[in-house]
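Within every chain, numbering begins at 1; the chains are lettered A, B, ... in the order of the sequence lines, protein sequences first and strands thereafter. The figures here come from the full heavy-atom set of this structure, side chains too, leaving out hydrogens, waters and symmetry mates.
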Number of protein chains: 2
Amino acid sequence: MDVIDRKILHELQANAKISMKELAQKVYLSSPSTIERVRRLEENGIIKGYKTIVDAEKLNRNITAFVLFETTKCKDLAAFCSVHPDVMECYRVAGKISYIAKVCTESVHTLEEFIDKAMEFGTPSTNIVLSSYTNMELKLSQDTSSG
Amino acid sequence: MDVIDRKILHELQANAKISMKELAQKVYLSSPSTIERVRRLEENGIIKGYKTIVDAEKLNRNITAFVLFETTKCKDLAAFCSVHPDVMECYRVAGKISYIAKVCTESVHTLEEFIDKAMEFGTPSTNIVLSSYTNMELKLSQDTSSG
DNA sequence: ATTGAAACGCCAGAAAC
DNA sequence: GTTTCTGGCGTTTCAAT
């Protein structure tokens with residue numbers, strides 16, 4: 001993990017489908033060495049995968065919400081959330097709230113259905129997203145630790 | 001937006017760097033038609049981009065937390081969050097809580113620093129993530145609406 | 001208009017230095 | 001890490017539905 005690897009991760013986070021040739025130019029290296037660095041980053045698990053980001057609203061998923069749960073049934077709630085198609089992410093957290101689900105659903109009506117079912121596993125408090133800023137990029141510092 | 005487009009989006013969400021040839025085989029189409037469909041999905045903005053997912057812990061970002069704010073200074077808080085390198089995502093939400101920031105930071109100490117600074121813009125309540133499930137995939141139903 | 005087939009150009013991967 | 005080389009993929013064009 002040197003400064004070049006961090007630059008590579010920066011570029012790949014912004015655009016996973018950049019060609020290795022163009023990536024090599026951006027980091028001032030030849031294509032083969034760049035490819036080898038990317039391969040190592042994949043092998044080390046530092047690169048976990050390449051995902052396509054889709055526009056939820058354009059696919060009729062108009063409501064995004066964070067549903068916060070006070071519950072003692074985290075296992076059951078996790079099982080419920082992991083198979084529910086509207087749940088994008090969920091988190092076991094430390095605090096008064098013990099579970100957070102990010103849901104992306106068609107309407108307030110389908111959100112209501114989700115909440116009704118989820119109430120079996122805890123007490124939800126729902127926060128509908130009005131606007132968001134998600135760069136989804138891990139900004140890497142210039143220290144030389146880890147890797 | 002037909003069933004083939006949804007299959008394409010499903011495959012691309014799982015792996016953005018799948019070759020168009022392999023993708024074509026999965027959806028039982030020729031490469032050119034598959035490429036053309038992907039191009040249209042990009043043009044329509046249904047595909048917003050391709051991102052590389054990196055392992056935060058392997059890069060010394062050991063603490064992920066959701067910081068919930070009660071505040072009336074959303075604009076200022078948004079400005080602060082959008083330039084802070086540890087903030088991965090933030091959301092303006094409707095409810096008693098009015099702002100949610102997802103932060104990914106090196107340690108509880110750097111998290112403390114973030115909270116101290118953020119307190120200028122509202123009252124934070126911090127929920128450290130213990131474990132998570134994030135498929136990050138929008139599961140598409142079989143209806144024919146939108147597009 | 002959109003799909004499927006073939007040729008072209010270019011990129012990714014391997015070997016040698 | 002760089003250069004060279006080759007195989008294979010993505011892209012474009014064209015014909016057909």
So, for B:N62 and B:E106, which heavy atoms are closest and what is the spacing to 0.1 Å? ND2-O, 3.2 Å
State, without any angle test, whether A:S33 and A:S30 hold a side-chain donor-acceptor pair at a distance under 3.5 Å. yes
Once you apply a heavy-atom cut-off of 4.0 Å, does A:R39 come out as touching a base, just sugar-phosphate, or nothing? nothing
For the side chain of B:I35, starting at C-beta, report the closest nucleotide among D:dG10, D:dT4, C:dA12. D:dG10
From C-beta outward on A:P32, which listed nucleotide comes closest to its side chain: D:dT4, D:dG1, D:dG10? D:dT4
In terms of side-chain heavy atoms of B:S31, which of D:dT11, D:dC9, C:dT3 is nearest? D:dT11
Distance, rounded to the nearest Å, where B:R37 contributes CZ and C:dT2 contributes P: 10 Å
Within the structure, does a side-chain N or O atom of B:S33 lie under 4.0 Å from either OP1 or OP2 of C:dT2? no
Nearest-nucleotide pick for A:L29, side chain only, options being C:dG4, C:dA12, D:dT2: D:dT2
What integer distance in Å separates A:I4:CD1 from D:dT2:P? 8 Å
B:F114 and B:F69 aromatic ring geometry - parallel, tilted or perpendicular at 30°/60° bounds: perpendicular
Classify B:S30 by what it touches in the nucleic acid, base, sugar-phosphate, or nothing, heavy-atom distance under 4.0 Å. base
When the distance from CG of B:D2 to C1' of C:dT3 is rounded to whole Å, what number comes out? 13 Å
For the atom pair NZ (B:K7) and NZ (B:K26), what is the distance rounded to the nearest 0.5 Å? 7.0 Å
If I take atom CD in residue A:E22 and atom C1' in nucleotide C:dC10, what distance separates them, rounded to the nearest angstrom? 14 Å
Tell me the interatomic distance from B:E36, atom CD, to D:dT13, atom C1', rounded to whole angstroms. 13 Å
Please report, rounded to the nearest Å, how far the C1' atom of C:dA14 is from the CE atom of A:M20. 17 Å
Without decimals, in angstroms, what is the distance between A:L23 CG and C:dA12 C1'? 13 Å
